[in-house]
S.K.: 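Can you keep this structure in mind? I'll have questions shortly.
Values below: every heavy atom of this structure, side chains too, minus hydrogens, waters and symmetry copies. Every value quoted in this text rests on a predicted model; they were computed, and no experiment measured them.
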Amino acid sequence: MKESEQKNHPHLVMLDEFDGEMDGELKYNKVLYKYRYNAEEVDDDDWAFTREQWGPTDPGFTSIMSSMADLGLSEEEDSEPMHIFRLTSKGRDVASGIKRGVAKLDPRYSSKLSTIRAIAEIDKDRSGSEIEEDEEIQEAKEETYQSKV
(Lines give C-alpha, C1' and ligand atoms only; values in the text may rest on other atoms or scores of the structure.)
Protein backbone atom coordinates (compact mmCIF):
# COMPACT_ATOMS: atom_id res chain seq x y z
CA MET A 1 0.00 0.00 0.00
CA LYS A 2 1.47 3.34 -0.98
CA GLU A 3 1.97 6.11 1.53
CA SER A 4 -0.86 8.13 -0.04
CA GLU A 5 -3.34 5.40 0.90
CA GLN A 6 -1.73 4.65 4.28
CA LYS A 7 -2.55 8.13 5.54
CA ASN A 8 -6.21 7.18 5.33
CA HIS A 9 -5.59 4.01 7.37
CA PRO A 10 -8.43 1.97 5.88
CA HIS A 11 -7.59 -0.94 8.23
CA LEU A 12 -8.18 1.24 11.29
CA VAL A 13 -11.18 3.13 9.92
CA MET A 14 -12.83 -0.07 8.69
CA LEU A 15 -12.44 -1.64 12.13
CA ASP A 16 -13.96 1.48 13.69
CA GLU A 17 -16.94 1.34 11.32
CA PHE A 18 -17.48 -2.30 12.32
CA ASP A 19 -18.15 -1.01 15.85
CA GLY A 20 -14.55 -1.63 16.84
CA GLU A 21 -14.59 -5.39 16.42
CA MET A 22 -14.00 -7.77 13.52
CA ASP A 23 -14.44 -11.52 13.83
CA GLY A 24 -11.77 -13.24 11.79
CA GLU A 25 -8.96 -12.48 9.40
CA LEU A 26 -11.02 -13.87 6.50
CA LYS A 27 -13.78 -11.33 7.06
CA TYR A 28 -11.32 -8.47 7.62
CA ASN A 29 -9.42 -9.21 4.40
CA LYS A 30 -12.62 -9.55 2.37
CA VAL A 31 -14.11 -6.24 3.52
CA LEU A 32 -10.78 -4.49 2.89
CA TYR A 33 -10.74 -5.97 -0.60
CA LYS A 34 -14.32 -4.83 -1.20
CA TYR A 35 -13.27 -1.33 -0.13
CA ARG A 36 -10.26 -1.33 -2.47
CA TYR A 37 -12.43 -2.77 -5.27
CA ASN A 38 -15.21 -0.17 -4.85
CA ALA A 39 -13.34 2.98 -3.83
CA GLU A 40 -13.00 5.41 -6.72
CA GLU A 41 -9.65 6.84 -5.69
CA VAL A 42 -7.81 3.66 -4.71
CA ASP A 43 -5.68 2.25 -7.51
CA ASP A 44 -5.27 -1.52 -7.69
CA ASP A 45 -1.53 -1.01 -8.26
CA ASP A 46 -1.26 1.16 -5.12
CA TRP A 47 -2.73 -1.56 -2.94
CA ALA A 48 -2.43 -5.00 -4.49
CA PHE A 49 -4.09 -8.04 -3.02
CA THR A 50 -2.96 -11.60 -3.69
CA ARG A 51 -5.30 -14.35 -4.78
CA GLU A 52 -5.03 -17.00 -2.06
CA GLN A 53 -7.04 -20.11 -1.25
CA TRP A 54 -9.98 -18.18 0.19
CA GLY A 55 -9.78 -15.34 -2.33
CA PRO A 56 -8.10 -11.94 -2.22
CA THR A 57 -5.76 -11.32 0.70
CA ASP A 58 -3.83 -8.20 1.65
CA PRO A 59 -0.17 -9.34 1.86
CA GLY A 60 0.61 -6.51 4.30
CA PHE A 61 -2.31 -7.31 6.61
CA THR A 62 -0.35 -9.09 9.37
CA SER A 63 2.31 -6.39 9.47
CA ILE A 64 -0.24 -3.56 9.59
CA MET A 65 -2.27 -5.27 12.32
CA SER A 66 0.91 -5.92 14.31
CA SER A 67 1.90 -2.26 14.00
CA MET A 68 -1.55 -1.14 15.12
CA ALA A 69 -1.31 -3.43 18.17
CA ASP A 70 2.23 -2.20 18.95
CA LEU A 71 0.91 1.37 18.93
CA GLY A 72 -1.91 0.42 21.28
CA LEU A 73 -4.59 1.10 18.67
CA SER A 74 -5.94 -2.43 18.49
CA GLU A 75 -5.69 -5.79 20.14
CA GLU A 76 -6.10 -9.29 18.85
CA GLU A 77 -7.69 -12.19 20.64
CA ASP A 78 -6.87 -15.66 19.41
CA SER A 79 -10.23 -17.30 19.92
CA GLU A 80 -10.45 -20.68 18.21
CA PRO A 81 -11.15 -21.02 15.37
CA MET A 82 -10.53 -17.34 14.49
CA HIS A 83 -8.78 -14.18 15.57
CA ILE A 84 -10.93 -11.37 16.89
CA PHE A 85 -9.63 -7.87 16.22
CA ARG A 86 -10.69 -5.03 18.51
CA LEU A 87 -10.01 -1.32 18.63
CA THR A 88 -8.79 0.09 21.90
CA SER A 89 -10.10 3.42 23.17
CA LYS A 90 -6.90 4.99 21.79
CA GLY A 91 -7.64 3.34 18.42
CA ARG A 92 -11.16 4.80 18.40
CA ASP A 93 -9.75 8.25 19.12
CA VAL A 94 -7.19 7.94 16.32
CA ALA A 95 -9.81 6.63 13.85
CA SER A 96 -12.10 9.52 14.75
CA GLY A 97 -9.24 11.97 14.26
CA ILE A 98 -8.37 10.45 10.89
CA LYS A 99 -11.97 10.73 9.71
CA ARG A 100 -12.24 14.36 10.78
CA GLY A 101 -8.70 15.45 9.85
CA VAL A 102 -8.26 13.75 6.49
CA ALA A 103 -11.74 14.89 5.44
CA LYS A 104 -10.61 18.50 5.94
CA LEU A 105 -7.36 17.96 4.01
CA ASP A 106 -8.61 15.76 1.18
CA PRO A 107 -11.98 16.50 -0.44
CA ARG A 108 -12.02 13.01 -1.97
CA TYR A 109 -11.88 11.36 1.44
CA SER A 110 -15.62 11.68 2.03
CA SER A 111 -16.16 9.32 -0.91
CA LYS A 112 -13.72 6.79 0.57
CA LEU A 113 -15.38 7.04 3.97
CA SER A 114 -18.81 6.59 2.38
CA THR A 115 -17.55 3.42 0.69
CA ILE A 116 -16.23 2.06 4.00
CA ARG A 117 -19.51 2.90 5.75
CA ALA A 118 -21.58 1.23 3.04
CA ILE A 119 -19.50 -1.94 3.32
CA ALA A 120 -19.83 -1.92 7.11
CA GLU A 121 -23.58 -1.48 6.87
CA ILE A 122 -23.93 -4.47 4.54
CA ASP A 123 -21.31 -6.78 6.03
CA LYS A 124 -21.21 -6.02 9.76
CA ASP A 125 -23.39 -8.97 10.72
CA ARG A 126 -22.19 -11.35 8.01
CA SER A 127 -19.48 -13.97 8.43
CA GLY A 128 -16.31 -14.05 6.36
CA SER A 129 -17.64 -17.13 4.57
CA GLU A 130 -20.81 -15.27 3.58
CA ILE A 131 -18.84 -12.25 2.36
CA GLU A 132 -16.59 -14.59 0.41
CA GLU A 133 -19.59 -15.42 -1.80
CA ASP A 134 -20.01 -11.79 -2.96
CA GLU A 135 -19.54 -11.06 -6.65
CA GLU A 136 -16.30 -9.05 -6.40
CA ILE A 137 -14.69 -11.72 -4.21
CA GLN A 138 -15.79 -14.48 -6.59
CA GLU A 139 -14.31 -12.56 -9.54
CA ALA A 140 -10.96 -12.35 -7.72
CA LYS A 141 -11.11 -16.07 -6.93
CA GLU A 142 -11.27 -16.79 -10.66
CA GLU A 143 -7.77 -15.38 -11.06
CA THR A 144 -4.67 -17.57 -10.99
CA TYR A 145 -3.61 -18.70 -7.52
CA GLN A 146 -0.95 -16.35 -6.01
CA SER A 147 -1.58 -13.67 -8.67
CA LYS A 148 -2.14 -10.02 -7.83
CA VAL A 149 -5.78 -9.01 -7.90
Side-chain angles (χ1 to χ4, degrees), residues 1-78 81-88 91 94-99 101-103 105-124 126-149:
M1 185 181 331
K2 284 191 179 176
E3 190 174 314
S4 60
E5 187 58 30
Q6 286 176 345
K7 72 177 180 182
N8 300 320
H9 294 287
H11 294 73
L12 184 67
V13 174
M14 185 69 76
L15 188 55
D16 186 51
E17 290 299 322
F18 273 72
D19 297 329
E21 187 172 303
M22 188 85 64
D23 296 339
E25 193 171 328
L26 175 71
K27 181 174 182 174
Y28 211 154
N29 268 284
K30 298 315 165 240
V31 297
L32 289 169
Y33 179 76
K34 287 176 71 171
Y35 164 68
R36 201 287 315 267
Y37 183 89
N38 291 296
E40 295 174 14
E41 298 293 324
V42 179
D43 187 348
D44 294 358
D45 293 330
D46 288 350
W47 186 11
F49 280 67
T50 304
R51 197 285 201 195
E52 298 291 344
Q53 179 180 359
W54 303 110
T57 303
D58 177 0
F61 180 80
T62 302
S63 174
I64 290 170
M65 297 311 296
S66 179
S67 294
M68 285 175 33
D70 289 347
L71 292 169
L73 304 177
S74 68
E75 55 192 21
E76 184 178 332
E77 179 184 325
D78 189 8
M82 68 177 71
H83 297 287
I84 299 171
F85 301 93
R86 289 190 184 94
L87 273 185
T88 61
V94 171
S96 177
I98 288 169
K99 289 187 260 187
V102 176
L105 298 172
D106 183 357
R108 299 169 299 187
Y109 187 67
S110 63
S111 171
K112 292 178 181 184
L113 188 54
S114 293
T115 301
I116 288 173
R117 286 181 171 153
I119 290 166
E121 186 176 318
I122 292 167
D123 294 328
K124 195 177 294 184
R126 296 172 71 207
S127 70
S129 297
E130 291 172 318
I131 296 167
E132 187 180 10
E133 298 302 318
D134 290 351
E135 184 177 334
E136 57 265 68
I137 306 299
Q138 289 301 308
E139 285 177 16
K141 286 177 76 172
E142 291 174 9
E143 297 297 324
T144 306
Y145 185 70
Q146 296 282 306
S147 64
K148 290 190 180 197
V149 292

S.K.: Quick one: which of R117, K124, R86 gives a salt bridge (charged side-chain N to carboxylate O under 4.0 Å, His left out) with D19?
M.R.: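 Among R117, K124, R86, the one that satisfies the salt bridge (charged side-chain N to carboxylate O under 4.0 Å, His left out) with D19 is K124.
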S.K.: Does L73 offer a backbone N or O that forms a donor-acceptor pair with the side chain of T88 under 3.5 Å?
M.R.: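 Confirmed, T88 side chain pairs with L73 backbone.
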S.K.: For E21 and L87, indicate whether the former's side chain and the latter's backbone hold a donor-acceptor pair under 3.5 Å.
M.R.: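 No; judged by distance alone, with no hydrogens or angles, the pair does not exist.
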S.K.: Assess whether a salt bridge exists between E133 and R126, defined as any Lys/Arg side-chain N lying under 4.0 Å from an Asp/Glu carboxylate O.
M.R.: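 So E133 does not pair with R126 through a salt bridge.
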S.K.: Any side-chain to backbone donor/acceptor pair from S66 onto T62? Under 3.5 Å, distance only.
M.R.: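 Flag not set: sc S66 to bb T62 has no pair under 3.5 Å.
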S.K.: How many angstroms lie between OG in S147 and CD in E142, if you round to the nearest 0.5 Å?
M.R.: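 Going from OG on S147 over to CD on E142, the span is 11.5 Å.
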S.K.: Do P56 and Y37 have side chains that get closer than 4.5 Å, going by heavy atoms?
M.R.: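 Not touching, per the 4.5 Å side-chain cut-off.
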S.K.: So does V102 get a backbone contact from the side chain of D106, meaning a donor-acceptor N/O pair under 3.5 Å?
M.R.: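 Absent.
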S.K.: Could you label the plane-to-plane angle of the F61 and H11 rings as parallel, tilted or perpendicular, counting under 30° as parallel and over 60° as perpendicular?
M.R.: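 Taking H11 first and then F61, their aromatic rings sit tilted (interplane angle of 30° to 60°).
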S.K.: Is there side-chain contact between S127 and D23, with at least one heavy-atom pair below 4.5 Å?
M.R.: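 In short, these two side chains do not touch, never coming nearer than 4.5 Å.
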S.K.: Does H9 reach the side chain of M68, with side-chain heavy atoms less than 4.5 Å apart?
M.R.: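 H9 does not reach M68 side chain to side chain.
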S.K.: Which atom pair, heavy atoms only, marks the closest approach of Y35 to I116?
M.R.: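 The answer is CD1-CG1, 3.4 Å.
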S.K.: Do any N or O atoms from the side chain of T115 and from the backbone of A39 form a donor-acceptor pair under 3.5 angstrom?
M.R.: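 It does not hold such a pair.
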S.K.: Looking only at the side chains, is there a donor atom on one of E76 and H83 sitting less than 3.5 Å from an acceptor on the other?
M.R.: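 Short answer, yes.
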S.K.: Can you find a heavy atom in the side chain of I131 that is under 4.5 Å from one in the side chain of Y33?
M.R.: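 I131 does not reach Y33 side chain to side chain.
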S.K.: So, does K141 use its side chain to make a donor-acceptor pair with the main chain of R51 at under 3.5 Å?
M.R.: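 The answer is no, because no donor-acceptor pair under 3.5 Å joins these two groups.
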S.K.: Under a 4.0 Å N-O cut-off, is there an ion pair linking R36 with D58?
M.R.: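 The answer is no: the pair does not qualify as a salt bridge.
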S.K.: Does K148 have more than 12 heavy atoms from other residues, nucleotides or ligands lying within 6.0 Å of its NZ?
M.R.: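 Counting neighbours around NZ of K148, 12 or fewer heavy atoms of other residues, nucleotides or ligands fall under 6.0 Å, so no.
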S.K.: What's the separation between atom CZ in F49 and atom CG in L32, rounded to the nearest 0.5 Å?
M.R.: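 The CZ atom of F49 sits 5.5 Å away from the CG atom of L32.
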S.K.: What's the spacing between K27 NZ and E25 CD if we round to 0.5 Å?
M.R.: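 The NZ atom of K27 sits 14.0 Å away from the CD atom of E25.
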S.K.: Can you find a heavy atom in the side chain of E52 that is under 4.5 Å from one in the side chain of N29?
M.R.: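 Side chain of E52 against side chain of N29, heavy atoms only: no contact under 4.5 Å found.
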S.K.: Heavy atoms only: give me the nearest T50-P59 pair and the separation to one decimal.
M.R.: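 For T50 and P59, the tightest heavy-atom pair comes out as OG1-CG, 3.6 Å.
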S.K.: Grab the two heavy atoms, one from S74 and one from L15, that are nearest each other, plus how far apart they are.
M.R.: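 Taking S74 first and L15 second, the nearest heavy atoms are CB-CD2, 4.4 Å.
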S.K.: Can you find a pair of side-chain heavy atoms, one from V13 and one from Y109, that are under 4.5 Å apart?
M.R.: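 Counting from C-beta outward, V13 and Y109 do come under 4.5 Å.
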S.K.: Is the number of heavy atoms from other residues, nucleotides or ligands under 6.0 Å of Q146 CD greater than 12?
M.R.: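 Count over threshold, so yes.
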S.K.: Taking the side chain as every heavy atom from C-beta outward, state whether F18 and D123 have any atom pair closer than 4.5 Å.
M.R.: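 Side chain of F18 against side chain of D123, heavy atoms only: contact under 4.5 Å found.
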S.K.: For the CG atom of L113 and the CZ atom of R108, what is their distance to the nearest 0.5 Å?
M.R.: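 One gets 14.5 Å once the value is rounded to the nearest 0.5 Å.
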